[in-house]
Structure formats: C-alpha cells, structure tokens
Amino acid sequence: MKIKVVLRALFLAYGLTGICLLALAFFVFQFDLGTVPVSAAITAVYVLACFAGGFMAGKRMRKNKYYWGILVGLAYFALLVIVSFAVEKRWDMSFQHLLTTFCMCLGGGALGGMFA
C-alpha cells in the first residue's frame, strides 16, 4: 500500500515534469529565451514537481505527511540522477549542483507533504 502511494506520487511528479519541460521547450523555441531564465525555470520545475508529489503522498498517507513528502523527493532525486547518468554515460554534474538539486527535491517534497 505505502509503496503504491509513493509510486503514484512519483508518477504524478514525473508527469508534471514532462508537461512543464515540454511547455518550457515551446517557450524557448518561440521566444528565444536565454540560459538564465531557462535554468530558473528548470529549477522551478524540480521544486514544483516534488511539491506536487509530496502533496499527493501526504494526502494519501494522512500520517507523518512531511516524511512521505521527503521520501517522494528523495526518490525523484535518485531517479533524476540515475537517468542523467544513463543518458550521459559519465558523471556530468558538479558536487555543488548535485547538492543543490538534492536539497531542492527534498525541500519541495517536504513542503508538499506539510501542506497536504
């Protein structure tokens, strides 16, 4: 039961990520945005997706909501790193970027769980 809730929340988070990144790609194509707005938008997508996943997990579990939000954020981060490594076939991330992304995913998930 608990694993199903986390997997459904992850599915929601990655679905939202896909939709938001497609919209971002459209805006980049149409308006020729620079790297700074695109980087900020990608950061916002990470946090928003983890927030939504944490919110869903917190609503479903009803107890220790922030814990389940953190778990969803951690799973989101782990899958993000694994897929990035599989696509690049090498480590292409600085430790600072890795730590920042980790904190954003966990923070977004925890906030989603708390607001649930």
Side-chain angles (χ1 to χ4, degrees):
M1 166 85 178
K2 294 177 183 180
I3 292 188
K4 276 187 176 180
V5 169
V6 171
L7 288 176
R8 285 183 181 166
L10 274 175
F11 186 72
L12 170 74
Y14 273 106
L16 187 61
T17 299
I19 291 168
C20 289
L21 289 180
L22 279 173
L24 179 62
F26 173 77
F27 287 121
V28 167
F29 180 72
Q30 289 295 321
F31 302 112
D32 195 29
L33 302 174
T35 57
V36 173
V38 171
S39 294
I42 291 172
T43 300
V45 167
Y46 286 161
V47 175
L48 178 69
C50 288
F51 181 88
F55 187 84
M56 180 181 177
K59 277 287 190 193
R60 298 265 184 173
M61 296 307 291
R62 296 185 186 144
K63 240 181 151 179
N64 296 328
K65 296 176 182 184
Y66 69 93
Y67 169 75
W68 294 105
I70 288 173
L71 189 61
V72 169
L74 181 64
Y76 183 93
F77 171 77
L79 194 57
L80 183 71
V81 169
I82 289 168
V83 169
S84 296
F85 186 75
V87 167
E88 291 291 323
K89 304 279 193 254
R90 63 185 170 88
W91 191 254
D92 193 27
M93 207 182 293
S94 69
F95 180 74
Q96 181 182 2
H97 181 107
L98 184 75
L99 185 63
T100 304
T101 304
F102 177 77
C103 291
M104 286 186 306
C105 290
L106 257 62
L111 281 175
M114 283 186 226
F115 281 108

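Along the sequence shown, residues are numbered consecutively beginning with 1.
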By side chain to side chain contact (heavy atoms under 4.5 Å, CB included), which residues pair with Arg62, not counting sequence neighbours? none
Under 3.5 Å donor-acceptor pairs involving side-chain atoms of residues 93-108, not counting sequence neighbours:
{"unit_1": "Ser94", "atom_1": "OG", "unit_2": "His97", "atom_2": "N", "d": "3.1"}
{"unit_1": "Thr100", "atom_1": "OG1", "unit_2": "Gln96", "atom_2": "O", "d": "2.7"}
{"unit_1": "Thr101", "atom_1": "OG1", "unit_2": "His97", "atom_2": "O", "d": "2.8"}

If hydrophobic clusters are built from ILVMFWY residues whose side chains come within less than 4.5 Å, do Val6 and Phe51 share one? no
Identify each donor-acceptor pair in which a side-chain atom of residues 7-15 lies under 3.5 Å from a protein atom, sequence neighbours left out, and give them as a table.
{"unit_1": "Tyr14", "atom_1": "OH", "unit_2": "Tyr76", "atom_2": "O", "d": "2.7"}
{"unit_1": "Tyr14", "atom_1": "OH", "unit_2": "Leu80", "atom_2": "N", "d": "3.1"}

Tabulate below the donor-acceptor pairs under 3.5 Å that side-chain atoms of residues 109-116 make, not counting sequence neighbours, or state none.
none

Smallest separation among heavy atoms of Cys50 and Gly73, with atom names: SG-CA, 4.3 Å
State plainly whether one hydrophobic cluster holds both Val72 and Val45, where clusters connect Ile, Leu, Val, Met, Phe, Trp and Tyr through side-chain heavy atoms under 4.5 angstrom apart. yes
Residues sharing Leu48's hydrophobic cluster, by side-chain heavy-atom contacts under 4.5 Å among ILVMFWY, directly or via others? Leu16
Under the side-chain contact (heavy atoms from CB on, under 4.5 Å) criterion, do Met61 and Lys63 qualify, and how do the steps go? CA-CA 6 Å; Met61 296 307 291; Lys63 240 181 151 179; 5.7 Å; no
Anything under 3.5 Å between a donor and an acceptor, one on a side chain of residues 20-44, the other on a protein residue two or more places apart or in another chain? List them.
{"unit_1": "Ser39", "atom_1": "OG", "unit_2": "Thr35", "atom_2": "O", "d": "3.0"}
{"unit_1": "Thr43", "atom_1": "OG1", "unit_2": "Ser39", "atom_2": "O", "d": "3.0"}

Sequence neighbours excluded, every pair satisfying side chain to side chain donor-acceptor pair (under 3.5 Å) that has a member inside residues 104-116: none
In the hydrophobic cluster built from side-chain contacts under 4.5 Å, what are the other members alongside Ile82? none
Rounded to the nearest 0.5 Å, what's the gap from NZ on Lys59 to NZ on Lys65? Could you check? 6.0 Å
Can you find a heavy atom in the side chain of Trp68 that is under 4.5 Å from one in the side chain of Val5? no
Using the side chain to side chain donor-acceptor pair (under 3.5 Å) rule, collect all pairs that involve residues 107-116, keeping only residues at least two apart or in two chains. none
